[in-house]
Amino acid sequence: MLWKFLFVVHTVKSISFNMMSTTKNVVGMHWFRKGLRLHDNPALIACLEQEPKKFYPVYVLDGNSYQLLRCTPLRANFLIECLQDLDQNLRNLGSRLYVLNGDPVDVLPKMWKEWDISHLSFEEDESGEPYALQRDETIVQKAQDAMINVTGFCSETMYPLKSYVAGKGKGAGKYPGTMSAFQRVFGNMKPMQRLKSAPEKDHFLDNQDSKEMSELFLPPRKPTDLPWPRGIPKSEIEDVWNAEDCKGLNPIVHGGETLALLLLEKSLSDAKWVANFEKPKTSCTTLTPSTTGLSPYLSWGCLSSRQVWFAVEEALARTSLNCTKPPVSLHGQLLWREYNYLTAFDANNHQPGSWNKIQGNKYCRDIPWDTDQEMLESWKDGMTGYPWIDACMRQLKAEGWIHHLGRHAVACFLTRGDLWQSWEKGASHFESHLLDADYALNGFNWMWLSCSGFFYQYFRCYSPVAFQKKNDPNGNYIRKYVPELKELPKKYIYEPWDAPLDVQRKAGVVMGKSYPLPIVEHKTISKENMSRMADAYAAHKRKESPGYVEGNDIPSVKPKKKQKNTLISQQIGIKRYLK
DNA sequence: GGTCCGTTGGGCGC
DNA sequence: GCGCCCAACGGACC
């Protein structure tokens, strides 16, 4: 309750207690959670400005946090690299990072006592993710009981989310409900605050990283050093990590603020590219990202969104070209992020914890999805029999990243397009595998793609074949990620089931044996699903209409067509190939 | 209640 | 590469 009250303050600095009557003998602790950076970190600076005689930068490995729950070795590795980089950068300033292990609610108070902490600072978690909210509420309460001065700052987003209230018009006093409304509100905001510089050596009065402490609480070296309460036996993780051919041994995307800042500079170095950037026109079949590739750094907070905003602004100032505009421009991408955080925050204010669920989510329509574990597993494993979909899903597994449009294709395929499985299942899989997994963005995009919220034109459906054929006719992307198909002629690379048996044999692959037959027939099932979607929308309309009584719903006006047997494998009498 | 618009559809004809 | 139709969504705005 206390926490909610604190959100009322409409400034960047949203929590500040002054329990201490004196600031003598200040001992500071900055608690890193997300926000794994030194630049643009106002909470860190605020704590250092108290001139602490000792200062403890701390990260807590918390297996129940959104970041570590269901975390794959690849994500775990990224986190470790972020922590090691943070530690190194702090050591360069005469300090270091202390990495604690356990539930912050227990571990932090213990260390406050041991280290005699008087001041605690942290970056606030703004999207209202329930675990983080509960954790922080408890920590603030405990700190208050221990007479510790607590400072929290909103630096996860460009402005504190509470400040995005429309000032005039129909939506006055409310949060904007569409992206265009959000853009209008954003356009009327006060100029964005300039960035806080990273701390310097002078900030650390006492280089208290004494020798006897230096070996304590070191950042972990490999994923198996992390807490692992994920229902997966630790031995399995070790097997994966130790396997010779595991991509996890050699991740292509590395973590850390230092690298993030370098990549930011590099990706924005071509002002012409920045000025012409249009997200929908970037390609999802290039073998290296056609976008900035900065999303993992933003989601872990190695980069601040304001840092990126100003860097884009500077890049644009270097050219006289006409530049693209939000929502498709690079600034537009940051606005999407901001808007997604705002809707997540609003949904959770309305019903705590509802954002990544269907139930109770004010932005989500309840569509009666099927539950078919076999279909879900085929999708997760990249074994649907649609090469383009499988290539995307396998890139996700191997690299923890897929281009935005690839994500659209696989999300549409899993939900309204083909398999009719709940977006919650897909979102959960993305959360554990994406290096840039982000509570707010993930929920928003899954609702969008499944036509459960924000986007409703369900008759616009991605084809798992046609969508990419025009961009990558030779199927190079498929050949890379679905190697069993790599020898197939161009003609059959998107639709290998059409290849005559002798062509298949010559390419060293046989459909139904070494590569699955299509799990569903897209042409038929996508049409059927559109009519199921129309039914679901009609039911939604009835529910929303005045006088609706729960459980008294009348059946659909349009009788649902009897579902045809659309499994090609069943039609032609061959058992579906799995694993 | 009518009209326009919405970051990223597919398929066709030109 | 563009414009048009396909069938036809909800939300904002007038």
Side-chain angles (χ1 to χ4, degrees), chain A residues 166 168-172 174-186 276-286 289-292 295 323-340 343 346 362-367 386 388-389 392 402-413 415-418 441 444-473 494-495 522-545 557-558:
Chain A
K168 51 186 175 184
K170 203 181 154 197
K174 288 184 181 169
Y175 296 120
T178 61
M179 179 59 173
S180 16
F182 176 76
Q183 282 176 236
R184 277 195 298 278
V185 173
F186 187 88
N276 290 329
F277 186 91
E278 282 183 75
K279 185 64 168 280
K281 289 192 181 164
T282 57
S283 166
C284 52
T285 49
T286 51
S290 59
T291 47
T292 64
S295 54
C323 53
T324 54
K325 296 274 173 286
V328 295
S329 63
L330 278 173
H331 272 159
Q333 304 315 298
L334 291 168
L335 293 183
W336 278 106
R337 178 181 184 275
E338 200 85 349
Y339 172 54
N340 288 186
T343 44
D346 186 39
K362 70 179 263 196
Y363 288 103
C364 183
R365 291 188 174 189
D366 189 0
I367 292 153
Y386 281 95
W388 149 245
I389 298 296
C392 288
I402 327 176
H403 183 278
H404 191 60
L405 291 176
R407 299 182 195 196
H408 277 210
V410 299
C412 180
F413 189 87
T415 57
R416 67 180 167 96
D418 298 80
L441 276 61
F444 185 93
N445 282 295
W446 275 96
M447 277 183 259
W448 182 290
L449 265 303
S450 62
C451 283
S452 301
F454 311 106
F455 176 82
Y456 305 96
Q457 291 163 272
Y458 56 75
F459 41 88
R460 291 194 175 176
C461 181
Y462 288 91
S463 158
V465 171
F467 185 63
Q468 274 322 302
K469 222 176 189 175
K470 54 184 183 290
N471 297 328
D472 181 19
Y494 283 90
E495 293 155 290
H522 171 75
K523 271 203 175 115
T524 327
I525 205 128
S526 58
K527 290 285 170 229
E528 278 174 24
N529 287 348
M530 281 179 203
S531 86
R532 290 180 88 173
M533 200 56 101
D535 287 352
Y537 276 23
H540 171 81
K541 232 177 203 169
R542 288 195 297 277
K543 271 194 179 178
E544 296 291 298
S545 63
V557 182
K558 235 196 291 180

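The chains referred to below are lettered A, B, ... by the order of the sequence lines, with proteins before strands, and numbering in each begins at 1. Below, each value reflects all heavy atoms present in this structure, side chains not excepted, and no hydrogens, waters or symmetry copies.
- Taking A:Asn276 as the reference, nothing meets the side chain to side chain donor-acceptor pair (under 3.5 Å) condition, with sequence neighbours excluded.
- Following rounding to the nearest Å, A:Lys470 (NZ) and C:dC2 (P) show an atom-to-atom distance of 14 Å.
- Annotation: side chain to side chain donor-acceptor pair (under 3.5 Å) contacts of A:Tyr363 (sequence neighbours excluded): A:Asp346.
- Counting non-hydrogen atoms under 4.0 angstrom, A:Arg416 reaches nothing in the nucleic acid.
- Taking OG1 of A:Thr286 as the start and CG of A:Asp472 as the end, the distance is 9.0 Å to the nearest 0.5 Å.
- Residue A:Lys469 is classed as having no contact, given no heavy-atom separation below 4.0 Å to the nucleic acid.
- With sequence neighbours excluded, the residues satisfying side-chain contact (heavy atoms from CB on, under 4.5 Å) with A:His403 are A:Thr282, A:Cys284, A:Ser290, A:Thr291, A:Trp401, A:Leu405.
- Here the options are A:Trp448, A:Phe182, A:Phe454, the test is ring pair (Phe, Tyr, Trp, His ring centres under 6.0 Å), and the partner is A:Trp336; only A:Trp448 passes.
- For the P atoms, the distance from C:dG11 to C:dA7 is 24 Å, rounded to whole Å.
- Every residue meeting the side-chain contact (heavy atoms from CB on, under 4.5 Å) condition with A:Arg460, not counting sequence neighbours, appears here in chain and number order: A:Gln457.
- The separation of C:dA8 from C:dC4, taken at their C1' atoms, amounts to 16 Å, rounded to a whole angstrom.
- Every residue two or more places apart in sequence or in another chain that forms a side-chain contact (heavy atoms from CB on, under 4.5 Å) with A:Ser463 is listed here: A:Val465, A:Ala466, A:His522.
- Among the duplex regions that DNA chain B forms, those built from at least three successive Watson-Crick or G-U pairs under 3.5 Å are B:1-6 with C:9-14, B:9-14 with C:1-6, ordered by first number.
- Rounded to whole Å, atom P of C:dA8 lies 6 Å from atom OH of A:Tyr458.
- Between A:Arg365 and C:dG10 there is a side-chain polar atom (N or O) within less than 4.0 angstrom of OP1 or OP2.
- When heavy atoms are screened at a 4.0 angstrom cut-off, A:Lys541 is found touching the sugar-phosphate backbone but no base atom.
- As judged by a 4.0 angstrom heavy-atom cut-off over every strand, A:Glu278 is placed among residues making no nucleic acid contact.
- C:dG1 sits 24 Å from B:dT7 when the P atoms are compared, rounded to a whole Å.
- One atom, OH of A:Tyr339, and another, P of C:dG11, lie 11 Å apart when rounded to the nearest Å.
- Judged as a ring pair (Phe, Tyr, Trp, His ring centres under 6.0 Å), and not counting sequence neighbours, A:Phe459 has no contacts.
- Distance check on atom P: C:dG3 versus B:dC5 gives 15 Å, rounded to whole Å.
- Annotation: side-chain contact (heavy atoms from CB on, under 4.5 Å) contacts of A:Asn471 (sequence neighbours excluded): A:Thr285, A:Gln468.
- Heavy atoms from other residues, nucleotides or ligands lying under 6.0 Å from NZ of A:Lys470 number more than 12.
- In 5' to 3' order, the nucleotides of DNA chain B bounding all contacts with chain A (an atom under 4.0 Å from a heavy atom) are B:dG6 to B:dG11.
- Using a 4.0 Å cutoff on non-hydrogen atoms, no part of residues 444-455 of chain A comes near DNA chain C.
- Every residue two or more places apart in sequence or in another chain that forms a salt bridge (Lys or Arg N to Asp or Glu O under 4.0 Å) with A:Glu495 is listed here: A:Lys469.
- Here the C1' atom of nucleotide C:dA7 and the CZ atom of A:Arg460 are 11 Å apart, to the nearest Å.
- Among residues two or more places apart in sequence or in another chain, the side chain to side chain donor-acceptor pair (under 3.5 Å) test is passed with A:His331 by none.
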